[in-house]
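All remarks here apply to the structure that follows.
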2 protein chains.
Amino acid sequence: MGYKYNKEDILNVGYEVFRKNGYHNVGINEILKESGIPKGSFYNFFESKEDFAQQVINQYGLSNQSLMEKFFEESSLTPIESLKSFYAMVMDMNEQDNYAGGCLVNNMSMEVGRNIDNLGAAANQHFIGWLNVLAPIIDKGQKLEEIITAYSPMELAEYLHAGFYGALSRTKVTRSRVYMDIWLDITFNLIKT
Amino acid sequence: MGYKYNKEDILNVGYEVFRKNGYHNVGINEILKESGIPKGSFYNFFESKEDFAQQVINQYGLSNQSLMEKFFEESSLTPIESLKSFYAMVMDMNEQDNYAGGCLVNNMSMEVGRNIDNLGAAANQHFIGWLNVLAPIIDKGQKLEEIITAYSPMELAEYLHAGFYGALSRTKVTRSRVYMDIWLDITFNLIKT
DNA sequence: ATTAATAATTAGACTGTTCTGTTTAATTTG
DNA sequence: CAAATTAAACAGAACAGTCTAATTATTAAT
């Protein structure tokens, strides 16, 4: 028999709350209230708010990477179509969320990436992990002559990554997916052979 | 003779501090300390922290729009080269800043754009203002057959805008302009005819 | 198997600091 | 002298984190 609470439940609450409300805008008490655990238990599991946030980032970063790997493994489409359908799926998820949260790792990276070194480094590490999932798919697409070869797979992966997050961030204030859809259309028209 | 302090000095301090450290991470006391004014004077000029931040956003948003307009007016390059050199200039400025702050309006839009409506709306308004500076230049480039015509000037403006901010945000955690430079190269190769 | 000892977890009151914003009085300007 | 501004003490709430005690789970001994 385990104890009453477990870390993962608290991390999941942290994920949702941080993603929607940011880091400095969220107090520990909000995490406690949402997860129903008392303060003593929280500080038994986590050293500090910063340590907690780092574990939240790591949990989401790794689970998102698994999701990406699984998506591309299971996809029966060609590389470029597979990539496009991946972004379309993420965009659908964001629409269902009413464009409220965006990506936790990107939000954290922007808000505290330069002020809290550990959190910035964690965010960057997961970005690199995700890019390393994209690059081999792009490589395949290039070898199949679906995707332009003027740039390396990693360069194009960064290009997709940056463009997508730029477009995603626009949805936060426009509350519309219009330009995110256009981003997808333009990007995949431009990188195809 | 005016009084001892004026709003613009305080707004400039707010610009620098908010840009580098965010909104919720910055207390009024930090603004007071940096600008050397007492609390009473601050609340004489501004209704609240939120009101202050909104005026900071508006001042920077408008001044950046003027800077853009002036840049393109004075540029002797062709439209597409003019656009590219504009982004190169902004990238240089960001490098000189050691990738520490990024764009105030974008940062605010990301951190509080969805939680503090007034600030989100202000950020979005300035984004639209900037896009409306870019679009006519893109239009000219299309008419000169320098730029692809498959997408409208506004669509391409959003594409540049989103991609640039995505690439810019990457510099915050990588502390390197490598992929920002690659973004510039890829983007302008892809949108040229 | 039961019990005793130990370790981990739960619980929430409490601390000291920082937060935004208020208030009242002094000072400066037109 | 009247209005605007300056000045800083003050208030109340929220903040991250600590502390002591209680309960619960695990391990060791019998």
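Residue numbers start from 1 in every chain, and the chains themselves are labelled A, B, ... in the order their sequence lines are given, proteins ahead of strands.
In this structure, A:Leu32 atom CG and C:dA13 atom C1' are separated by 14 Å, rounded to whole Å. In this structure, the NZ atom of B:Lys7 is 14 Å from the C1' atom of D:dT5, given to the nearest Å. Spacing between atom CG of B:Asn6 and atom C1' of C:dT28 amounts to 16 Å, rounded to whole angstrom units. Whole-Å rounding puts the B:Tyr5 OH to C:dT27 C1' distance at 12 Å. Atom P of nucleotide D:dA8 and atom CZ of B:Phe42 are separated by 17 Å, given to the nearest angstrom. In this structure, the NZ atom of B:Lys33 is 13 Å from the C1' atom of C:dT18, given to the nearest Å.
Under 4.0 angstrom from either OP1 or OP2 of C:dA11 there lies at least one side-chain N or O belonging to A:Lys4.
With sequence neighbours left out, A:Phe52 forms a ring-ring contact (aromatic ring centres under 6.0 Å, His included) with A:Phe18, A:Phe42, A:Phe46.
Applying the salt bridge (charged side-chain N to carboxylate O under 4.0 Å, His left out) test to residues at least two apart or on different chains, the pairs with a partner in residues 155-169 of chain A are A:Glu158-B:Arg170.
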| task | Classify every nucleotide of nucleotides 9-22 of chain D by which part a protein heavy atom approaches to under 4.0 Å, writing B for the base, S for the sugar-phosphate alone and - for neither, in 5'-to-3' order. | result | -------BBB----
| task | Evaluate salt bridge (charged side-chain N to carboxylate O under 4.0 Å, His left out) for B:Asp117 paired with A:Arg175, printing each intermediate quantity in order. | result | CA-CA 12 Å; B:Asp117 282 349; A:Arg175 297 170 191 238; 3.4 Å; yes
| said: Test ring pair (Phe, Tyr, Trp, His ring centres under 6.0 Å) on B:Tyr165 and B:Phe127; report intermediate values, then the result. | reply: CA-CA 11 Å; B:Tyr165 277 115; B:Phe127 278 157; 5.8 Å; yes
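Classification of the B:Trp130-B:His161 ring pair by plane angle, with boundaries at 30° and 60°, yields tilted.
Nearest heavy atom pair, residue B:Gln142 against residue B:Ile148, reads NE2-O, 2.9 Å.
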